[in-house]
Structure formats: C-alpha cells, structure tokens
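Have a look at the structure below, then the notes.
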Amino acid sequence: MTVHPDRIHALNDAAFRAKGPVVYWMSRDQRADDNWALLFAQNIALERREGVCVLFVLADAFLGAALRQYRFMLSGLSETARDLASRNIPFYLVRGEPGVVVPAFVEKLGASCVITDFDPLRIKRRWKEETAEELTVSFLEVDAHNIVPCRAASVKGEYSAGTYRPRLTRRLGGFLVDIPAVVPHPHSAPPAPEVQWDEVLGSLTVSDAGGTVDWIPPGPQAALTRMHRFIDGGLSRYDAERNDPTKHAQSELSPYLHFGQLSAQRLAREVGASSAPRGAKDAFLEELIVRRELSDNFCLWHHDYDSSACFPDWAKKTLKEHGDDHREHVYTYERFRDAETHDPLWNAAQKELVVRGTMPGYLRMYWAKKILEWTESPEAAMEYAVNLNDTYQLDGRDPNGYAGVAWSIGGVHDRAWGEREIFGKVRYMSHAGCRRKFNVDAYIKSVEELSG
Ligand code: FAD
Ligand code: FO1
C-alpha cells in the first residue's frame, strides 16, 4: 500500500542523492507503528534498496515544557527506539538546533533524502525552514497526525467545526483506511550509538514544575492498553457523561496522542469497529476527528494562535467594547498558578492541573473563561492561560490547547452569545452553571484527596 499523495508535501526542490540511506526525522509522531511518515520513508528505502533510519532531535527547551513532559516523552521514545531496532531501523538521538544538526547528520551519513512529519506549530515551521535552507537532498513532509491530511483538507482557516466537518467527512472514506505494518528492513543503515536515556533526562535543565506525573504510564504499548480499556469501558458512557468531571467517561488518551505515541487513525478505526452504542461512538469521533483536526487547521492558518490577534473580528470588537468594564476580581499569574482565587471549583481544577498534569475537558473551558473574567485584559488572559496550560498539562504545547484557549477566551470557532460584562458576546460559563451540570462538591473533594 502506498502512502496517499495528499499526505506528502515537498519542503524543498532538491533531488535525491543517487545513493545512501533514507532518514526519517521523527518529531510529532513518536511511534514505530501506524506512522505514515515512517512507512513512506521505508517505501522509498525498499525501492532504492537502501537502509532507513530514524533521527530525533532533542531540544533542550520546548514551549515551556517541564521535566514531567520530557520524562513522559523520553520514556516513550526509548520504547519506540527498541521497536525500530527490532525491525533493523536504527534510532539516532541528536541534540541541538535542528537547522544545524539535521543537515550535518544528513551529510555525515550520506543520506539520499529526509522525510519528516507534519506539525503546524510555529517552532516546527521554523525548524523546517532553517533545515530546508541548508539541506542539499530532497526534504519531504508527511502528515502522519491527521486522518485527513491538514494541508489537503482545506485551503484556509476554517470558521468553525460546522464549516470543517463536511470537508472532513466527505474525504474520510479515502483516508480512514487500515494502516500497513512497517516490515523488518532488509537493508542496513549505519548502526546508531546506544542512547543513554537516563543521562539524557538527567542533563536537561528545564524546571520540574508540578513534579512527576505517575497516573499514566508512557509509551505506545501502554497507549494501546488504555485505548482498549476505554473502548471496552468508558466509551459507551461518553456522550452522556463526558462533560461530568466526576464520571471519568473521557478516554484520557490525550498525552499519547499529543506525543504521537498513539495514532488517532488507529484509535478512530478501533472505536468505529467497537460494539459501543452509535451515539457514544459518534460523539467521541466528533471530538477525535473534527475538533482535533480543526485545531491543526487553526494553527496552520493562524500563526498568532496563542495571542488575542487570532480572535474573530466580532470577538475582538465585543471584548474591546467591554475592556473597561469593572473587574470584581483581578489576580496575578502567581495567584492563578497557586490556585488562590475566591472560587473553590476553579482552585480545584487548577490544583488537579498542577498535581496530575491534566484536567477534565469540561473544566478546561470553565478554567480558561474565568481567567478572562479575573484579569485586566484578554491579552493578559491569553498569556496566563497559555503559560499555565503549557507548563503543567501533560498534553500541553499542542494545537488542541491553543485552539481550546482561543475558543474559551476569544470565541474562536464559536458564535456570539447574549452580551454581558467583561465577556461581551463571548460565551459565558458560571460556577452556578457547573453546579447545575455536575456534583461540584464531589469533584472538589476528589481533588482535595490528591497527594501534593
Ligand atoms: P476525550 O474526551 O477522550 O477525547 C479524545 C481525544 O479527542 C482527545 O485526546 C483529543 O485529542 C481530542 N479532543 C477532545 N476534545 C477536544 C477539543 N475540545 N478540542 C480538540 N481536540 C479534542 N487538548 C490537548 O490535547 N492539549 C491541550 O493542551 C488542551 N488544552 C485545552 C485547553 C482548553 C482551555 C480547552 C477548552 C480544551 C483543551 N484541550 C486540549 C482539548 C480537550 O479538552 C482535551 O483534548 C481533552 O480534554 C483531553 O482529554 P481526553 O484525551 O480524555 O479527551
Ligand atoms: N519535538 C521534537 O522534535 N524534539 C523535542 O525535543 C521535543 C520536545 C517536546 C517537549 C514537550 C512537548 O510537549 C513536545 C515536545 N516535542 C518535541 C514536540 C512534540 O513531539 C509535538 O510535535 C508538539 O508538541 C505537538 O505539536
């Protein structure tokens, strides 16, 4: 099976070197199985009777990530490196600025071409632009993260899920196919030095904000185990209970999806094939396919996705009109970080974020909207929400997060609602509204029982 051409995007117009192994520069999709970018690299190497190897460039800092995220990622990568080695595909870990170390690696290895995976974040676009300027061989990008390739699904930033959904559903048939296995590779690339994973983690100088997260085991194998457990358990309750933080009906697969340790396409196919009720499956696939892939569309077409500049005009206008409204509560970043507001529900959500590195989906909306209400301006709200989200969320530093924060604070992908203080026509959420939806006291109590 070939890789669908709509997944492939040329990053330069250089030719293949006549001879030499194929390099897959792995970044977003950190798994050996169900990975279209790796499959594409292997196909090329098989046709050219060459070896294929994987390169991962470790950045010493990444969008505010702390040790908890690096620990989860590196542990998953060590498993992926073993998976690859078992199929005669060496895994190289190199540190430094990609624009420098990738071209140097390619020249040293005499590689014939470089394949990499798709990621709409600014930092990744910069890494690729700087690399493309230096590379003298073909440099191709494969979208291994989205079921419908992001660049092919739309030629613009979509207004809402409503405008994007038909574009995706119309093309799902051609893309939501089974994914072939990576075969043991018959040609050998030069062997990679053994990665000293503990030394690598120990050498990082990032903060240890929030400490270790231990409720979710990292790695592709653990991801599949949790996926099957969710499909056999929580999935059937998903539509009815996903917005109730006390019911634990969400999959909690986002850290695996964020680090690419689990393929969304594999998850979508397994959910689709399950015996769970249709309504529950549709509700889950709406989030996994439409909402998640809309986030990539948002970040691809709005480079200012983490600032108020990306808000739709109606939201910019209404928030400006209410910019001078009286704020009954105004908190500093530190008061938010330390969960010291007047609202015990908000504080509990923040405490779960710091202690567990996660937060129920419904409360993420409430959490971000209250930051808008309790800061001087939408600009300050965006800065605080993005920083807290990217420092403590295990699944942070992700298009889903930037789109989620911009939806909550700036009405991105949402419509205007009844006008009120501070929010203007941006959708409002209240503590009382949460009490009508779920047992707030039970949630607060469950967080108080958390360690830390
Ligand atoms: P489930 O409900 O089990 O859904 C399965 C998968 O579908 C998720 O893992 C995710 O990939 C996708 N998904 C679900 N809901 C959404 C959504 N609203 N938007 C986009 N994709 C979705 N998600 C992140 O991955 N990282 C973040 O940093 C993040 N920050 C957020 C911040 C705010 C303010 C808001 C409102 C949402 C944020 N989300 C983020 C989206 C969503 O809340 C999480 O993806 C979800 O709660 C993760 O838990 P789960 O895997 O159990 O989700
Ligand atoms: N991708 C890399 O290619 N190299 C890194 O060193 C790296 C670190 C990192 C740390 C935390 C985190 O949440 C993500 C990180 N990523 C890194 C990127 C990640 O693989 C995803 O591609 C993006 O974060 C999501 O788009």
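When a ligand or atom number is given, it counts from 1 through the structure's own listing order. Both backbone and side-chain heavy atoms feed into the values below; hydrogens, waters and symmetry mates do not.
Taking every heavy atom of Arg291 and a limit of under 4.0 angstrom, the matching atoms of ligand 1 come to 17 (C), 19 (N), 20 (C), 21 (N). Near Met365, meaning under 4.0 Å from one of its heavy atoms, ligand 1 places the atoms 36 (C). Residue Gly396 approaches ligand 1 through these ligand atoms, each under 4.0 Å from one of its heavy atoms: 28 (O). Which parts of ligand 1 touch Ser295 is read off a 4.0 Å heavy-atom cut-off, strictly below it: atoms 20 (C). In summary, the atoms of ligand 1 found under 4.0 Å from a heavy atom of Leu288, numbered by their order in the structure, are 7 (O).
Under the 6.0 Å distance and 45° angle rule, Arg122 counts as a cation-pi partner of Tyr305.
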Check the pair Arg269, Asp178 against salt bridge (charged side-chain N to carboxylate O under 4.0 Å, His left out), reporting the backbone distance first and the verdict last.
-> CA-CA 8 Å; Arg269 285 183 59 84; Asp178 197 12; 3.8 Å; yes
Begin from the C-alpha positions of Asp33 and Arg266 and carry the test salt bridge (charged side-chain N to carboxylate O under 4.0 Å, His left out) through to its verdict.
-> CA-CA 10 Å; Asp33 293 311; Arg266 174 63 57 201; over 6 Å; no
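Heavy atoms of Arg242 come nearer than 4.0 angstrom to ligand 1 in no pair at all. Residue contact annotation: Tyr238 has a non-hydrogen atom under 4.0 Å from ligand 1. In this structure, Phe284 is part of the shell of residues with a heavy atom less than 4.0 angstrom from ligand 1. A heavy-atom separation below 4.0 Å is not found between His145 and ligand 2. For Gly260, the heavy-atom gap to ligand 2 stays at 4.0 angstrom or more.
The proximity of Val57 to ligand 2, defined as any non-hydrogen pair under 4.0 Å, is limited to the backbone. By the criterion of a heavy-atom distance under 4.0 Å, both the backbone and the side chain of Ser251 are placed next to ligand 1. Under 4.0 angstrom from ligand 2, the non-hydrogen atoms of Asp119 all belong to its side chain.
With Leu257, Asp296, Leu388 as candidates, the residue nearest to atom 8 (C) of ligand 1 on a non-hydrogen basis is Leu257.
The two residues Ala41 and Val52 come nearest to each other via the heavy atoms CB-CG2, 4.0 Å.
Here's the thing with Tyr70: none of its N/O atoms is less than 3.5 angstrom from an N/O atom of ligand 2. For ligand 2, the polar-atom distance check finds an N/O of Arg397 within less than 3.5 Å of one of the ligand's N/O atoms. Backbone and side-chain nitrogen or oxygen atoms of Asp398 are examined, and none is located within less than 3.5 angstrom of a nitrogen or oxygen of ligand 2. Every N/O-N/O distance between Trp127 and ligand 2 stays at or above 3.5 Å.
Of the protein's non-hydrogen atoms, the one nearest atom 29 (C) of ligand 1 is Arg364 NH1, 3.1 Å. The nearest protein atom to atom 27 (C) of ligand 1, hydrogens excluded, is given as Asp395 OD1, 3.2 Å; this is a heavy-atom distance. When only non-hydrogen protein atoms are considered, atom 52 (O) of ligand 1 lies nearest to Glu252 N, 2.6 Å. In terms of protein heavy atoms, atom 10 (C) of ligand 1 is closest to Asn400 ND2, 3.9 Å. Among all protein heavy atoms, the one lying closest to atom 32 (C) of ligand 1 is Asn389 OD1, 3.8 Å. Closest to atom 6 (O) of ligand 2 among all protein heavy atoms lies Ala59 N, 2.7 Å. Atom 12 (C) of ligand 1 has its closest protein heavy atom at Glu287 O, 3.7 Å. Closest protein heavy atom to atom 46 (C) of ligand 1: Gln250 NE2, 3.8 Å.
Considering only heavy atoms from C-beta on, Gln350 comes within 4.5 Å of Trp367 through its side chain.
Salt bridge annotation for Arg126-Glu130: present, with a cationic side-chain nitrogen under 4.0 angstrom from a carboxylate oxygen. Classification of Asp338 and Lys351 as a salt-bridged pair fails, no side-chain N sitting under 4.0 Å from a carboxylate O.
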